[in-house]
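First comes the structure, then the notes that go with it.
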Number of protein chains: 2
Amino acid sequence: MATNGRRQADRAAPATIYDVARMAGVSPSTVSRALNKPGRINASTEHRIREIAEAIGYRLNPLARALPTGRTQTLALTLSDITNPVYFELIRGAERVAASRGYILILAESQESADLENETAQRLLSSVDGLILVAARLDNSDIVELGKRKPILTVNRKVRGIGSVVADVRPGIRDALDHLQRLGHKKLAYIAGPSSSWMNRLRDRTISSEAGDRGMKVVTLGPHVPTVAGGAAALEAVRESGATAALAYNDLMAIGLLKAGHEVGMRIPEQLSLVGFDDIFGSDFTSPPITTIRTPHALLGEQAALRLIAELNNEAAHRHTVPRTEFLQRSSTDRARLGRF
Amino acid sequence: MATNGRRQADRAAPATIYDVARMAGVSPSTVSRALNKPGRINASTEHRIREIAEAIGYRLNPLARALPTGRTQTLALTLSDITNPVYFELIRGAERVAASRGYILILAESQESADLENETAQRLLSSVDGLILVAARLDNSDIVELGKRKPILTVNRKVRGIGSVVADVRPGIRDALDHLQRLGHKKLAYIAGPSSSWMNRLRDRTISSEAGDRGMKVVTLGPHVPTVAGGAAALEAVRESGATAALAYNDLMAIGLLKAGHEVGMRIPEQLSLVGFDDIFGSDFTSPPITTIRTPHALLGEQAALRLIAELNNEAAHRHTVPRTEFLQRSSTDRARLGRF
DNA sequence: CGGATCTCGGCAACCGATTGCCAATCTATC
DNA sequence: GATAGATTGGCAATCGGTTGCCGAGATCCG
């Protein structure tokens, strides 16, 4: 029978520093220092305390520590859609770095809703040391507001006064456009993602500007939801646009367009060249495999975690290199067709 | 300038119930009760307190509450590999349910290592109310041990005395084997996943038993790592086995086998019928799309979270239906070829 | 040898809630 | 009008650590 009513009857209460202190014949504060202020305590005492702690299976209670120190050793990462394959490597990168530095990573999903994102972030904020906002749908002012409460960092979005990790989209876009130009394409369509997406606007602008430099025309179609279904929905508009090549906001949409096109008998790349974005899992085993502009997501996740943790510990900011996108030629692009299809 | 040295100089200390109490002219305990024991306090007092709390932006500090109550409103979910697409829907299902019931979900990855999994689980255990182990690689005894500290639940694994949510693999396997039998297949290969995987053993056994009932032969190949690369590695063994149809432990491996086969000119399904497992994202846009045995992962995640939360709150166990697998015929299966390839 | 400095460990306050217990007041009942 | 009972709110302990401050004893140094 548990002595403490709030515990489940059959679960043993974990050992505390008070238990260790009693067994070692010292005060709890001595145990605390022995365990995490190396050198502060006589070496032999420290050793004895460590042995006893080990023997009775003492484990620090992170919550109890967090209360007075305000440090939870936890990071939160919010994103619009957990199941979007774009984020897998990013999540893993952040998780690995966090774990290696002794931090726990909490994931939260905003389901493409700014309100939900804000609410979630607010709720989590008091339980974490810092927050990574991936592809935030929030207003700038909300983000700034969050930044006043805890250190935060945005990925693939820039907000004045807030640290960010953003992939440089230009190198990949340049190479993609050079590639399309060599293939004779003159008129392109950009299939836009959500209008609330900062990254969507960046890709849109960069494509337009780079295409302009090359004397190519770009028409922006959308916005569309950034999913397979959203890409499929764009098919008709792409046909009507008269473009010979389409760049989708992301691979998910490119895949959707590819499937939808396939169903109505459109041949890709013969009738339409298609370029995706991100190089997600699966984009290489469609048929044809999708030519895409790769985003180094694992690197983004790692850098985000690394920089946030550095900030938390007041470490000197790492000299940080901007991750670059990279053009990946596969088989969904080919020479521009001549007539309409 | 902050009065409290441990806070970042430029971040305001969040409001506490003490602040609210002072402004309302009541004691902190009254504030606490006003906010979460509706009716315990005079209605007008409660109303006044709520208004003040709202006005100064008071937010409960979950850590402070967790310390005396032992309840963190947090669930942890451990899995072997975050980026395995198999888990996406499962994670989302669990996250949705958790969020809707006011729980936070923490994700932890064990990278296919039992030791790391155990360590992670141990570390997290004091910060969470309960733990969901997905495809645990741990020993039964370790799992039982964890269960003594906190409520835990396993997914796709059964351990005596521990609650579990496991998909029934038999319906899908039956339909798959019936399908293969109709196509004239008599000798099958099962491409095994990790030997430490309980689910792998279940699939292996069930396939063997059901195939036996139908007078079909099965040879088990492996174990192999449950990834695209692992599937590719199995190609040679499949050829040598003389089987006319192969069932892979999961879709990832089926995809790997498909790609590897494609590279050496093997035609699927003409020369080899291929059946995957799980219906992961992407398994329908390979060419040919992979015939697979679908596992209802979202449902598994939802049920796991639901049941664990019910246990935490001592609610009556939900009448719980076992999620069933389902055969999904696509195009990677065809009539058995006659000669060797 | 005496004073300054170091080393080591304990005391007690604190973080921000929750909650058992108690007391004061109000209400109801006979 | 007395008393039982309900209502309302406060006191103080508690959860498990951390840390500023203090003092006893050891060590150092001129």
Side-chain angles (χ1 to χ4, degrees), chain A residues 2-7 11-50 53 56-73 125-127 129, chain B residues 2-8 11-22 24-50 52-53 56-74 125-127 129:
Chain A
T3 57
N4 190 327
R6 73 187 171 73
R7 295 197 194 283
R11 287 179 220 288
T16 70
I17 55 168
Y18 293 84
D19 301 324
V20 178
R22 194 162 10 82
M23 295 182 67
V26 298
S27 82
S29 49
T30 303
V31 175
S32 173
R33 288 198 265 254
L35 263 23
N36 44 62
K37 305 268 149 120
R40 175 67 173 78
I41 292 293
N42 183 298
S44 70
T45 313
E46 179 180 329
H47 185 70
R48 188 160 45 89
I49 290 176
R50 285 187 182 280
I56 67 172
Y58 165 76
R59 286 173 180 279
L60 172 111
N61 180 334
L63 282 72
R65 163 184 275 173
L67 198 44
T69 62
R71 310 208 60 180
T72 61
Q73 296 291 109
L125 218 50
S126 52
S127 316
D129 292 345
Chain B
T3 56
N4 190 328
R6 72 186 171 73
R7 296 197 194 283
Q8 311 270 342
R11 284 177 223 290
T16 70
I17 54 168
Y18 293 85
D19 300 325
V20 178
R22 194 163 10 82
V26 298
S27 82
S29 48
T30 303
V31 175
S32 172
R33 288 197 265 252
L35 263 23
N36 44 61
K37 305 265 149 112
R40 175 66 173 75
I41 291 292
N42 183 296
S44 70
T45 313
E46 178 179 328
H47 185 70
R48 188 161 43 90
I49 290 176
R50 285 187 182 280
I52 293 176
I56 67 173
Y58 165 77
R59 286 174 180 280
L60 172 110
N61 181 334
L63 282 73
R65 165 183 273 175
L67 197 45
T69 63
R71 310 208 60 181
T72 60
Q73 296 292 108
T74 302
L125 220 47
S126 53
S127 315
D129 292 345

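Chain letters run A, B, ... following the sequence lines, proteins first and then strands; every chain starts at 1.
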Taking only residues two or more places apart in sequence, or in another chain, which ones meet Leu60(B) in a side-chain contact (heavy atoms from CB on, under 4.5 Å)?
Tyr58(B), Arg65(B)

Taking atom C1' of dG16(C) as reference, at what distance in whole Å does atom CZ of Arg22(B) sit?
14 Å

Can you tell me if the side-chain N/O atoms of Lys37(B) get under 4.0 Å from OP1 or OP2 in dT18(C)?
no

Would you say the base of dG9(D) and the side-chain of Arg40(B) have a donor-acceptor pair closer than 3.5 Å?
yes

So, is Tyr18(A) close to the dT18(D) phosphate, meaning a side-chain N or O under 4.0 Å from OP1 or OP2?
no

Closer than 4.0 Å, any side-chain N/O of Thr16(B) to the OP1 or OP2 of dG16(C)?
no

When we call it a touch if two heavy atoms are under 4.0 Å apart, what does Val26(A) touch: a base, just sugar-phosphate, or nothing?
sugar-phosphate

Is any side-chain nitrogen or oxygen of Ser29(A) closer than 4.0 Å to OP1 or OP2 of dA12(C)?
no

Phosphate-side-chain proximity, Thr45(A) and dG9(C), N/O vs OP1/OP2 below 4.0 Å:
yes

From dG16(D), dG16(C), dG9(C), nucleotide with atom closest to Ala64(B) side chain:
dG16(C)

Proximal nucleotide (of dC11(D), dT18(C), dG16(D)) relative to the Asn36(B) side chain
dT18(C)

Measure the spacing between CD1 of Ile17(A) and OG1 of Thr30(A) and express it to the nearest 0.5 Å.
9.5 Å

Looking at residues at least two apart in the chain, or sitting in another chain, which of them share a side-chain contact (heavy atoms from CB on, under 4.5 Å) with Arg33(A)?
Ser29(A), Lys37(A), Arg40(A), Ile41(A)

Please pick, from dG17(D), dG9(C), dG16(C), the nucleotide with the shortest atom-to-atom distance to any side-chain atom of Leu60(A).
dG17(D)

Mind calculating the distance between CG (Leu35(B)) and C1' (dA17(C)) to the nearest angstrom?
11 Å

Tell whether Arg33(B) reaches the base of dG10(D) with its side chain through a donor-acceptor pair below 3.5 angstrom.
yes

Bend angle of the helix from dC1(C)-dG30(D) to dC30(C)-dG1(D) from five-pair axes at both ends, rounded to 10°?
40°

CG of Leu67(A) to CG of Asn61(A): how many Å apart, nearest 0.5 Å?
10.5 Å

Taking CZ from Arg59(B) and C1' from dA17(C), how many angstroms apart are they, rounded to a whole number?
17 Å

Below the 4.0 Å mark, does dT8(D) have OP1 or OP2 next to a side-chain nitrogen or oxygen of Asn42(B)?
yes

Ranking dT18(C), dT19(D), dG10(C) by distance to the side chain of Thr30(A), first place goes to dG10(C)

Value in whole Å for how far the P atom of dG17(D) lies from CG of Leu63(B)
14 Å

Given atom CG of Leu67(B) and atom C1' of dT18(C), what is their separation to the nearest angstrom?
10 Å

